> 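Below: one structure in structure tokens.
Chain letters run A, B, ... following the sequence lines, proteins first, then strands; residues in each count from 1. All values derive from a computational prediction rather than experimental measurement.
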Protein chains: 2
Amino acid sequence: MNPVSNRFITRTLAVMAMAGALLALSAAAQESRRERRSRTREVKPIELTSAQVAELTRLANERSLSVDDLVAAAKTYMPSGRHDEYVLFSSGGQSGQVYAIGVPSMRMLRVIPVYTPESWSGYGFGVGNDVLAGGDLNGRKILWGDTHHPALSETAGEYDGEWLFIGDKANARLAVIDLRDWETKQIVKNPLTVSNHGAAFVTPNSEYIIDGGQYATPLGFGYAPIESYKESYRGMVTFWKFDRQKGRIDPSQSFAMELPPYWQDLFDCGKLASDGFVFGNSFNVELATGGVEDGKPPFEAGTSQRDTDYLHIIDWRKAEQLAKAGKVTKINGFPVITLKTSIEEGILHFAPEPKSPHGCDVTPDGQFIVVAGKLDPHVTVYSIDKIKKAIAAKSSSKTDPYGVPVLDLDAVMEAQVEVGLGPLHTQFDDKGYAYTSLFLDSAVARWTLGGSFANKHAEQPWKLVTKTPVQYNIGHLTAAGGDTVSPDGKYLVAMNKWSVDRFLQTGPLLPQNFQLIDIAAPGTTMPVLYDMPMGVGEPHYAQMIKADKLKSWSVYPGTGWNPHTQMLDPAAPRSGKEGVVRNGKEVIVNMTAIRSHFNPEHVVVNEGDRVTWRITAMEQTPDATHGLTIGGYNIHLSLEPGEFAEFTFVADMPGTFPFYCTEFCSALHLEMMGYLQVVPAAQKPVAAASE
Amino acid sequence: MNPVSNRFITRTLAVMAMAGALLALSAAAQESRRERRSRTREVKPIELTSAQVAELTRLANERSLSVDDLVAAAKTYMPSGRHDEYVLFSSGGQSGQVYAIGVPSMRMLRVIPVYTPESWSGYGFGVGNDVLAGGDLNGRKILWGDTHHPALSETAGEYDGEWLFIGDKANARLAVIDLRDWETKQIVKNPLTVSNHGAAFVTPNSEYIIDGGQYATPLGFGYAPIESYKESYRGMVTFWKFDRQKGRIDPSQSFAMELPPYWQDLFDCGKLASDGFVFGNSFNVELATGGVEDGKPPFEAGTSQRDTDYLHIIDWRKAEQLAKAGKVTKINGFPVITLKTSIEEGILHFAPEPKSPHGCDVTPDGQFIVVAGKLDPHVTVYSIDKIKKAIAAKSSSKTDPYGVPVLDLDAVMEAQVEVGLGPLHTQFDDKGYAYTSLFLDSAVARWTLGGSFANKHAEQPWKLVTKTPVQYNIGHLTAAGGDTVSPDGKYLVAMNKWSVDRFLQTGPLLPQNFQLIDIAAPGTTMPVLYDMPMGVGEPHYAQMIKADKLKSWSVYPGTGWNPHTQMLDPAAPRSGKEGVVRNGKEVIVNMTAIRSHFNPEHVVVNEGDRVTWRITAMEQTPDATHGLTIGGYNIHLSLEPGEFAEFTFVADMPGTFPFYCTEFCSALHLEMMGYLQVVPAAQKPVAAASE
């Protein structure tokens with residue numbers, strides 16, 4: 001198979017013939033292609049001969065590989081053309097992007113640009129500008145993001161492979177990615193706050209995308225002096241309504257809840273037994289306001305003084321009813337359920353959680369909520385049955401300073417499990433185990449669940465089983481389907497924050513280290529299989545989905561397809577209808593691209609013209625991508641097969657500007673070019689209209 | 001080793017004690033760290049037991065691996081902490097960046113942002129803006145690039161591991177990367193043209209960086225109608241002087257040569273036998289100007305009509321003398337040796353090269369120049385001895401239409417080797433073999449060199465030895481040191497343009513496929529070892545350097561280091577001297593960052609103030625990186641250990657803006673934050689100066 005050649009051969013045979021050249025060779029090439037096709041892998045079971053064992057041993061010793069290394073290599077190596085079993089959709093952290101990684105090979109498959117312009121795909125350089133503009137704050141462009149938590153869309157608590165959401169902590173935004181074409185379709189700005197963290201998390205059918213705050217601010221971008229922190233600053237959680245039909249968040253059907261100015265951290269949605277609830281951990285119930293410059297305790301000390309912070313327990317279905325009933329206050333035009341209303345309506349409860357908690361993860365059956373106390377060697381496990389009983393019994397008369405009822409820890413806690421130093425996040429498998437990342441220990445702890453999980457494993461419930469050291473200082477971890485109702489229990493990736501000596505020195509800025517861990521065997525066997533440097537950002541969370549759940553398009557469904565509307569666009573230039581149309585100073589370019597030329601190849605405009613450039617990629621062969629750039633004009637597009645794109649610019653710089661195809665589409669790719677002529681105002685202008 | 005813990009433990013022990021917590025555990029953690037350190041790999045030679053062989057066989061069959069797959073896995077697998085042997089510095093194509101990849105594991109180690117802002121490293125979001133501005137065109141910001149050919153700096157024709165240069169085809173720019181800290185230090189815009197291609201290539205001691213054009217334009221950004229192509233359009237090659245001491249290109253010592261409006265393509269510098277020469281291929285000697293919209297032949301046909309194009313042979317040392325002697329014309333303020341002068345002074349010669357050539361590569365001894373005719377199944381090999389003789393003999397009286405002397409092909413050609421369909425680029429090894437990429441065949445051809453190389457291999461000289469199929473449609477290829485005076489002959493990477501079915505479908509936009517090929521064995525053995533998806537851009541060329549030649553810094557040499565000047569900066573805030581200084585509406589913030597707090601934590605300014613924010617990372621531990629963002633203000637920095645950074649903004653948006661550390665630096669990283677207060681103009685302004 002040789003994808004470029006078919007068309008190229010047809011096209012260039014003429015050229016070759018013209019040159020008196022080598023017709024026979026194209027047949028030879030086709031033969032060679034046929035031969036290659038026939039060599040498609042049909043691997044028979046192997047039996048290693050003693051010579052082959054000797055050769056493997058020699059190679060292993062030459063490279064100082066251990067037997068475990070050979071086993072790990074055999075478990076992760078992907079022969080040419082073999083597809084990975086899982087896709088890891090990873091936050092790209094401060095890169096503002098999402099990265100897709102194949103598992104078990106841990107090969108980076110593709111960047112999906114989200115908050116930061118990315119020129120390979122043209123995002124923000126001709127297309128996607130309107131999507132990026134959705135994330136403007138008060139009209140100010142924000143052209144990067146700090147992506148934290150990706151969330152695959154779910155149906156009945158399972159990843160359905162259709163959509164991906166991800167939050168931007170730095171600017172409190174949320175993005176929607178369509179997994180048909182792997183493009184970002186929408187960015188929404190949270191209207192209440194500048195900083196989020198608990199985004200994105202979905203309800204079990206993706207009715208809502210949860211977007212929880214982090215650092216408290218006056219809601220609605222107001223100014224208030226830090227001295228008025230307790231009175232004027234607030235936390236929040238926003239429920240963004242997702243319209244699956246339109247593939248967009250619908251702000252008009254969305255709402256938020258005011259929360260005390262604790263720093264809400266991570267949320268997780270209840271499911272099955274806990275369906276209808278949302279849980280979130282928090283820290284800084286101390287209401288510390290820092291001020292190290294004035295001799296006060298810095299935030300890191302001020303926020304870490306109390307023994308417990310508050311687990312937030314939210315009844316989101318009741319909250320939705322309140323919002324629909326209009327029991328809201330508008331802040332910055334956005335409906336907010338006030339703390340007073342939440343308390344009166346009984347939709348918000350707290351429960352104590354041991355110190356400076358991080359992570360809040362619901363077990364696959366929805367029965368338990370696991371919170372890790374990052375300055376505590378335990379995870380604390382809450383029972384939804386007990387929570388429901390405690391709420392119904394109104395057993396506690398305690399409230400926090402804002403009047404939110406605080407349930408007794410003893411009344412709602414199922415267990416505490418000692419796992420090690422610096423526990424952060426927890427994932428699950430199919431064998432009744434939980435996995436918690438230990439930042440300070442630099443390890444992944446496997447421990448046993450109780451309840452309905454107790455008969456799935458051989459060990460006692462609520463006990464540490466084993467720890468696998470990782471290198472180093474793990475933040476999040478993610479297991480295959482590890483936060484769904486049915487985890488796969490096959491692979492786990494430790495997302496380590498420090499790599500230090502693991503890889504070659506890459507200057508003072510080092511990659512992170514993703515370590516693939518084999519969790520298929522029960523008990524104490526849990527080896528690290530592979531180290532993957534992550535040198536394109538500092539990811540936070542990731543989710544791992546079975547590859548066959550994704551239904552990606554290989555080409556756009558029709559020629560002239562608009563990826564923004566996901567339908568054929570009537571404005572898309574068609575073959576035979578190319579040309580340049582002028583109306584005063586408004587110029588429309590109707591262009592097509594096909595291997596290997598643009599049509600038209602000459603575009604002549606006057607200095608100062610406003611140019612609307614429309615282009616259709618006429619290809620329908622998978623991977624037959626073209627790029628388009630106009631040198632000097634800061635414009636670049638990637639045109640996947642069938643794609644239509646349109647961009648507009650003012651031709652305010654006179655001169656002769658080559659435009660060309662930037663994606664190596666054929667042997668005559670370098671020849672796929674044209675000239676944009678911007679005639680200086682001082683010269684005789686272009687007058688003729690042409691099509 | 002647990003890099004975060006030492007400092008964190010010290011700092012948080014107090015917190016833990018305060019909470020009545022778990023002193024004993026920190027000792028346990030230290031013990032666990034010690035244990036891990038002691039497990040540092042001391043691998044003894046293995047002998048596989050029959051049980052181990054059975055287990056490997058079972059694994060292989062479970063995953064349908066062949067014996068060859070097991071061998072390839074053993075040749076490429078990198079155990080945790082083992083460092084790759086080579087670094088591949090790859091162009092990122094339209095991503096505008098450079099990517100560093102470890103070989104043989106083919107793991108992406110790090111992005112180096114060059115032409116496109118990149119928020120992980122903060123490039124273009126607070127730092128690096130001045131570097132990016134160096135690439136402005138007529139004051140217009142160009143915030144992406146189409147990177148093509150990276151060039152490592154050389155000493156005596158060997159990579160010296162100090163600098164990396166790379167060209168931007170879309171906008172004719174050149175960038176300088178310092179390989180001590182892997183940061184881009186300079187971008188220069190070519191003053192003559194909008195479009196280059198033959199950049200970057202270095203002279204054997206990196207005196208000059210070569211920047212050849214591609215699509216002819218009027219020189220100096222002028223406008224000229226396409227009808228005047230022959231008269232008004234020109235090609236060019238620019239020699240940028242590199243000042244190693246300053247680590248910068250010195251435009252004042254640089255010069256260019258005017259060339260006919262053929263499309264100059266790729267250049268390579270002579271070395272050893274051909275020292276002092278530069279060679280370049282070209283196409284479109286037809287002077288085709290396209291016009292498919294008017295029924296004329298499109299560029300792809302128009303440029304492919306003649307049997308031969310012209311190899312450009314340039315005496316750069318003589319050119320340098322002419323430039324120094326002032327025998328130049330200024331175009332757009334830049335010294336240009338005119339075609340007339342070049343012809344008169346005998347520094348430019350042409351030789352015919354078979355059709356639509358691509359690639360121009362000098363053998364390690366400098367004796368031969370290999371040009372691949374992409375519409376011809378041969379590579380054509382030129383001899384520098386013959387070229388010198390032909391020039392000296394003035395044997396040919398032929399000239400091109402611009403008067404450039406054209407040497408006879410027979411007089412300068414050493415050999416033609418039939419290699420296959422669509423030959424493009426050639427690299428070399430230590431065994432007297434050359435390797436040519438075959439775009440249409442989708443293969444890498446190994447063939448034998450003659451001359452002084454003939455005794456290094458067993459085969460006849462100038463013969464095809466073998467071809468390895470690749471998947472699919474290879475563009476460039478790169479071998480370890482494969483374009484230097486002493487190639488290593490160990491690994492070769494095929495940079496395939498199409499991947500089609502090789503990886504999981506990632507929407508309609510697919511990664512490229514880098515295939516690692518083992519070229520260590522002579523003869524017909526040349527297996528593909530590994531497929532690496534390249535899903536972050538469409539790379540062109542790459543260079544592969546032995547990792548031990550790089551002398552990267554692990555931390556900056558001192559605290560308060562300015563990476564732009566590469567020295568300690570007197571303006572860097574120091575510990576104990578933090579604060580906010582006001583002078584009217586000018587505010588200076590002097591901040592330090594250390595695990596895990598900023599100082600100051602409160603910055604209060606008035607709406608409209610111009611804020612200069614200076615920050616020093618006080619860390620000296622490798623990998624102890626902090627980030628800084630101010631939410632909502634589109635600012636992000638990465639602060640590597642010791643780094644000083646400064647950025648300026650107008651606080652024109654009032655409100656309360658959290659700033660925080662974006663790089664997970666310790667267990668109390670989330671607490672590393674502060675508030676920027678921008679007091680609305682309507683409120684009482686901040687008056688007090690403080691330090």
> Within the structure provided, determine whether B:Met532 and B:Gln515 are in side-chain contact (heavy-atom separation under 4.5 Å).
no
> Where is the tightest heavy-atom contact between A:Arg502 and B:Ser80, given as atom of each residue plus distance?
NH1-OG, 3.1 Å
> Measure distances from B:Ser554 to the heavy atoms of chain A and classify the residue's part below 4.5 Å as side chain, backbone, both or neither.
both
> Which atom names give the shortest non-hydrogen contact between A:Glu300 and A:Thr303, and what distance separates them?
O-OG1, 3.8 Å
> Between B:Arg63 and chain A, with a heavy-atom cut-off of 4.5 Å, which part of the residue counts as in contact: side chain, backbone, both or neither?
both
> Determine the minimum heavy-atom distance between A:Asn599 and A:Glu578, stating which atoms define it.
O-CG, 3.3 Å
> Taking every non-hydrogen pair under 4.5 Å, which of B:Pro225, B:Ala547, B:Gly222 racks up the most with chain A?
B:Gly222
> Are A:Asp623 and B:Tyr472 close enough that some pair of their side-chain heavy atoms sits under 4.5 Å apart?
no
> Classify the ring geometry of A:Phe299 against B:His602: parallel below 30°, tilted from 30° to 60°, perpendicular beyond 60°.
perpendicular
> Could you tell me which of A:Val71, A:Leu509, A:Asp181 has the largest number of non-hydrogen atom pairs under 4.5 Å with chain B?
A:Leu509
> Examine whether an atom of A:Thr662 lies under 4.5 Å from a heavy atom of chain B, and if so say whether it belongs to the side chain, the backbone or both; otherwise answer neither.
both
> Distance check, rounded to the nearest 0.5 Å: B:Thr629 atom OG1 versus B:Tyr660 atom OH?
5.5 Å
> Against chain B, work out which of A:Pro654, A:Gly96, A:Ala72, A:Gly475 has the most heavy-atom pairs shorter than 4.5 Å and name it.
A:Ala72
> Heavy-atom cut-off 4.5 Å, strictly under: side chain, backbone, both or neither for B:Leu56 against chain A?
side chain
> In Å, rounded to the nearest 0.5 Å, how long is the span from OG of A:Ser195 to CZ of B:Phe657?
12.0 Å
> So which of A:Met108, A:Glu663, A:Gln52 has the biggest tally of heavy-atom pairs under 4.5 Å with chain B?
A:Glu663
> Side chain, backbone, both or neither: which part of A:Leu137 has a heavy atom under 4.5 Å from chain B?
both
> Pick from B:Val67, B:Leu48, B:Val53: which one has the most heavy-atom pairs with chain A under 4.5 Å?
B:Val67
> Please flag which part of A:Glu183 lies under 4.5 Å from any non-hydrogen atom of chain B: side chain, backbone, both or neither.
neither
> Counting only heavy atoms closer than 4.5 Å, note whether A:Glu118 contacts chain B via side chain, backbone, both or neither.
side chain
> Quick one, B:Tyr223 and A:Val678 - any side-chain contact, counting heavy atoms below 4.5 Å?
no
> Relative to chain A, which segment of B:Ala100 carries a heavy atom at a distance below 4.5 Å: side chain, backbone, both, or neither?
neither
> If you count heavy-atom pairs within less than 4.5 Å of chain A, which of B:Phe221, B:Tyr556, B:Trp553 leads?
B:Trp553
> Using a cut-off of under 4.5 Å for heavy-atom pairs, which of B:Gly291, B:Pro511, B:Gly422 has the most such pairs with chain A?
B:Gly291
> Counting only heavy atoms closer than 4.5 Å, note whether B:Leu550 contacts chain A via side chain, backbone, both or neither.
neither
> Identify which of A:Met653, A:Arg107, A:Glu47, A:Met78 forms the greatest number of heavy-atom pairs closer than 4.5 Å to chain B.
A:Arg107
> Nearest heavy-atom pair of A:Trp120 and B:Gly535: which atoms, and what distance?
CZ3-O, 3.0 Å
> Taking B:Gln677 for the side chain and A:Ala224 for the main chain, is one N or O donor matched with an acceptor at less than 3.5 Å?
yes
> Under 3.5 Å, is there a donor-acceptor pair between the side chain of B:Asn473 and the main chain of B:Ser442?
no
> Taking every non-hydrogen pair under 4.5 Å, which of A:Ile142, A:Asp265, A:Thr116, A:Thr506 racks up the most with chain B?
A:Thr506
> Which answer fits A:Phe503, side chain, backbone, both or neither, if we ask what part of it has an atom under 4.5 Å from a heavy atom of chain B?
both
> Which atoms of B:Gln505 come close to chain A, meaning under 4.5 Å heavy atom to heavy atom: side chain ones, backbone ones, both, or neither?
both
> To the nearest 0.5 Å, what is the distance between CG (A:Asp441) and CG (A:Leu421)?
5.0 Å
> Among B:Val111, B:Leu510, B:Asn171, which residue forms the greatest number of heavy-atom pairs with chain A at distances under 4.5 Å?
B:Leu510
> Can a donor-acceptor pair be found between the side chains of B:Ser638 and B:Glu640 at a distance below 3.5 Å?
yes
> Between A:Lys355 (side chain) and A:Ser304 (backbone), is there a donor-acceptor pair under 3.5 Å?
yes
> Atom OG of B:Ser121 and atom CD of A:Gln94: how far apart are they, to the nearest 0.5 Å?
9.5 Å
> Heavy-atom cut-off 4.5 Å, strictly under: side chain, backbone, both or neither for A:Tyr215 against chain B?
both
> Under 4.5 Å heavy-atom distance to chain A, tell me which part of B:Glu538 shows up: side chain, backbone, both or neither.
both
> Below 4.5 Å, heavy-atom pairs only: which of B:Gly537, B:Pro600, B:Gly631, B:Gly655 has the largest tally toward chain A?
B:Gly537
> Contact part of B:Asn138 toward chain A, heavy-atom cut-off under 4.5 Å: side chain, backbone, both or neither?
side chain
> Would you mind telling me which of A:Asp531, A:Thr217, A:Leu70 has the largest number of heavy-atom pairs within less than 4.5 Å of chain B?
A:Asp531
> Given a strict heavy-atom distance threshold of 4.5 Å, which part of B:Leu109 is in contact with chain A: side chain, backbone, both, or neither?
both
